[in-house]
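Note that these values count all heavy atoms, side chains included, but never hydrogens, waters or copies made by symmetry. Order of the sequence lines fixes the chain letters, A, B, ..., with proteins taken first and strands second; residue numbering starts at 1 for each chain.
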Protein chains: 2
Amino acid sequence: MPEEPRRQARGQRRMEQLTDAAAVVFAEVGYAKATTNAIAKRAGVSPGTLYQFFANKEALAEALAERYRDELKAAHEKAFDLSMVDLPLPELVDRMIRPMVEVNLANPGFKALFTSGDLPDRLTAPTQALHQAVTGRVAEVLAARIPGLPPTQRDTAAAVATQIFAALLGTVVTAPAPDRDRWITELNKALVGYLSPLES
Amino acid sequence: MPEEPRRQARGQRRMEQLTDAAAVVFAEVGYAKATTNAIAKRAGVSPGTLYQFFANKEALAEALAERYRDELKAAHEKAFDLSMVDLPLPELVDRMIRPMVEVNLANPGFKALFTSGDLPDRLTAPTQALHQAVTGRVAEVLAARIPGLPPTQRDTAAAVATQIFAALLGTVVTAPAPDRDRWITELNKALVGYLSPLES
DNA sequence: GAAAAATACGAGCATTTACTCGTGTTTGTC
DNA sequence: GACAAACACGAGTAAATGCTCGTATTTTTC
């Protein structure tokens with residue numbers, strides 16, 4: 001197996017330029033129809049240069065997915081901690097939702113990646129990892145808030161909540177800016193409606 | 001523009017064989033990676049024959065989408081009518097959900113089509129038409145059940161409910177058969193949780 | 001039963017596209 | 001400054017794939 005070359009500063013920059021460009025192109029045309037040549041051109045670089053840093057198109061997408069996961073985690077850790085666990089449910093939900101929405105708004109390419117149904121197999125791994133990361137986080141919060149809840153119920157509730165979230169996230173980020181808050185409110189209502197029966 | 005030939009019985013059968021084959025192949029590999037030659041082969045037919053009946057790959061998918069819409073509508077009209085509108089909410093929701101789930105279970109290819117994120121533009125039309133058909137139906141039921149509800153609120157509620165439904169539908173049909181009822185129950189809870197505050 | 005229209009074949013064309021490779025330039029190391 | 005390693009180029013390649021077209025067969029029409 002060929003060993004990774006030791007990247008120099010220039011190389012690191014190029015890799016960032018390339019993932020940036022990929023995000024843009026993915027956002028514009030979707031993963032499947034995004035061509036590597038177009039991505040290279042967008043990054044102001046030749047096709048050959050792209051393949052100096054990424055073995056193939058999937059590797060590029062994986063790098064993007066990883067970056068996304070990191071940003072999401074960072075945003076969440078920054079904006080949310082377990083001390084909020086006893087807030088009224090609507091507020092708690094709001095605090096969990098907002099950072100996610102922000103990250104998605106700031107990174108249009110990712111949505112294109114993760115809502116795309118037929119991705120190559122390699123990509124389902126990072127996607128599912130991300131999904132599961134979110135679900136795990138939700139389960140954590142649920143456990144802290146409702147200690148008496150059986151783990152099985154807790155985990156399915158977390159999974160369902162995450163799925164509701166993912167579904168409406170699309171609408172929220174796609175919607176024109178003025179409507180966005182309205183949709184966030186609806187998302188909130190949906191989650192609160194589903195979760196509140198678990199309390200008590 | 002070239003006029004449609006008058007199909008004879010044999011041709012009608014071929015078209016069905018082809019859409020059937022397309023559904024299978026779409027289900028197996030997704031729309032993007034499904035090749036027309038593979039579909040033709042699956043239907044036991046040459047590529048040329050496929051193009052005798054469908055102008056291109058998209059036309060084939062459109063035909064599938066149309067069939068789906070019809071089946072869904074039929075299933076719904078058969079299993080549901082407005083007299084049920086005053087049932088307790090959980091039961092009402094259950095009656096709306098079941099037929100949809102059935103149709104989706106019976107037609108694996110469609111899910112592949114409609115959950116795929118980056119479809120060609122032509123296909124977004126039938127997809128959205130279908131989505132809107134469902135949303136409209138929900139809005140209808142809401143209007144009948146809660147006459148006092150302002151139309152704006154009603155429509156957004158219908159849209160959100162449909163989206164929740166679509167999101168969890170994927171989980172329901174993907175899940176192994178034994179778990180399926182559990183997920184349907186959760187879907188029901190989610191919808192009831194979201195909709196019940198609208199009553200009163 | 002003959003002309004016309006519809007159906008059927010399948011080799012192959014035209015295009016797209018992920019990726020390569022020979023060559024030249026820049027950066028780091030001693 | 002010399003040598004190697006990393007970076008960069010971009011024309012070109014090989015494979016995939018949507019689709020065509022010349023030809024042959026079956027069905028309908030009269």
Side-chain angles (χ1 to χ4, degrees), chain A residues 1-22 24-26 28-64 113 116 118-123, chain B residues 1-22 24-26 28-64 113 116 118-123:
Chain A
M1 51 187 96
E3 48 186 313
E4 289 278 296
R6 291 211 297 277
R7 300 291 174 208
Q8 40 191 208
R10 188 171 36 149
Q12 303 270 8
R13 280 198 303 272
R14 280 273 179 272
M15 291 181 78
E16 270 188 36
Q17 285 172 26
L18 283 165
T19 44
D20 286 348
V24 172
V25 177
F26 286 158
E28 279 176 4
V29 301
Y31 175 80
K33 290 176 84 173
T35 75
T36 53
N37 285 19
I39 294 170
K41 196 173 192 174
R42 193 67 158 236
V45 154
S46 84
T49 297
L50 187 157
Y51 284 93
Q52 192 119 37
F53 298 102
F54 299 96
N56 48 44
K57 195 178 167 184
E58 290 182 22
L60 194 48
E62 268 185 82
L64 251 189
L113 253 190
S116 182
D118 46 358
L119 297 171
D121 290 342
R122 260 288 182 65
L123 280 185
Chain B
M1 53 187 94
E3 49 187 312
E4 289 279 294
R6 293 211 298 275
R7 300 290 173 208
Q8 39 192 214
R10 188 173 32 149
Q12 304 270 7
R13 280 198 303 272
R14 280 275 180 270
M15 290 180 77
E16 270 188 36
Q17 284 173 27
L18 283 166
T19 45
D20 286 348
V24 173
V25 176
F26 286 158
E28 279 176 3
V29 301
Y31 176 80
K33 291 176 83 171
T35 75
T36 53
N37 285 19
I39 294 171
K41 196 173 194 176
R42 192 69 157 236
V45 155
S46 83
T49 298
L50 187 156
Y51 284 93
Q52 193 117 37
F53 298 102
F54 298 97
N56 48 45
K57 195 178 168 183
E58 290 181 23
L60 194 48
E62 267 184 83
L64 250 189
L113 254 190
S116 183
D118 45 356
L119 298 171
D121 289 343
R122 260 286 181 67
L123 280 186

Worksheet item: At their closest point, which heavy atom of A:Gln17 faces which heavy atom of A:Ala43, and how far apart are they?
Response: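 Scanning both residues, the minimum pair turns out to be OE1-O, 3.5 Å.
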Worksheet entry | Where A:Leu50 and A:Thr36 come nearest, the two heavy atoms and their spacing |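 A:Leu50 and A:Thr36 have their closest heavy atoms at CD1-O, 3.5 Å.
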Mind calculating the distance between [atom1] ([X]) and [atom2] ([N]) to the nearest angstrom?
X: B:Lys33; N: D:dA15; atom1: NZ; atom2: P; value: 18 Å
X: A:Arg6; N: C:dT27; atom1: CZ; atom2: C1'; value: 13 Å
X: A:Tyr31; N: C:dT17; atom1: OH; atom2: C1'; value: 13 Å
X: B:Phe53; N: C:dA6; atom1: CZ; atom2: C1'; value: 8 Å

Worksheet item: What does A:Gln52 touch in the nucleic acid at a heavy-atom separation under 4.0 angstrom: a base, only the sugar-phosphate, or nothing?
Response: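 The answer is base, as A:Gln52 lies within the cut-off (heavy atoms under 4.0 Å) of a base atom.
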Worksheet item: What nucleic acid atoms does A:Ala34 come within less than 4.0 Å of, heavy atoms only: base, sugar-phosphate, or nothing?
Response: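 A:Ala34: backbone/sugar contact only, no base atoms under 4.0 Å.
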Respond yes when some side-chain nitrogen or oxygen of [X] is under 4.0 Å from OP1 or OP2 of [N], and no when none is.
X: A:Ser46; N: D:dA8; result: no
X: A:Thr36; N: C:dT17; result: no
X: A:Arg10; N: C:dG28; result: no
X: B:Tyr51; N: D:dT20; result: no
X: B:Thr49; N: C:dT7; result: no

Discussion item. Can you pull out the residues from residues 11-22 of chain B that lie within a 4.0 Å heavy-atom distance of DNA chain D?
Written reply: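 Per residue number, the list is empty: none.
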Worksheet item: Quick one: which of C:dT20, D:dC7, D:dC19 gets closest to the side chain of A:Arg7?
Response: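 Out of C:dT20, D:dC7, D:dC19, the nucleotide with an atom closest to A:Arg7's side chain is D:dC7.
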Fill in: Beyond-backbone contact of A:Phe53 with A:Leu60, side-chain heavy atoms, under 4.5 angstrom
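No, too far: nothing below the 4.5 Å cut-off.
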Discussion item. So, under a plain 3.5 Å distance rule, would you say the side chain of A:Asn37 forms a donor-acceptor pair with the base of C:dC19?
Written reply: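 In this structure, the two groups form a donor-acceptor pair.
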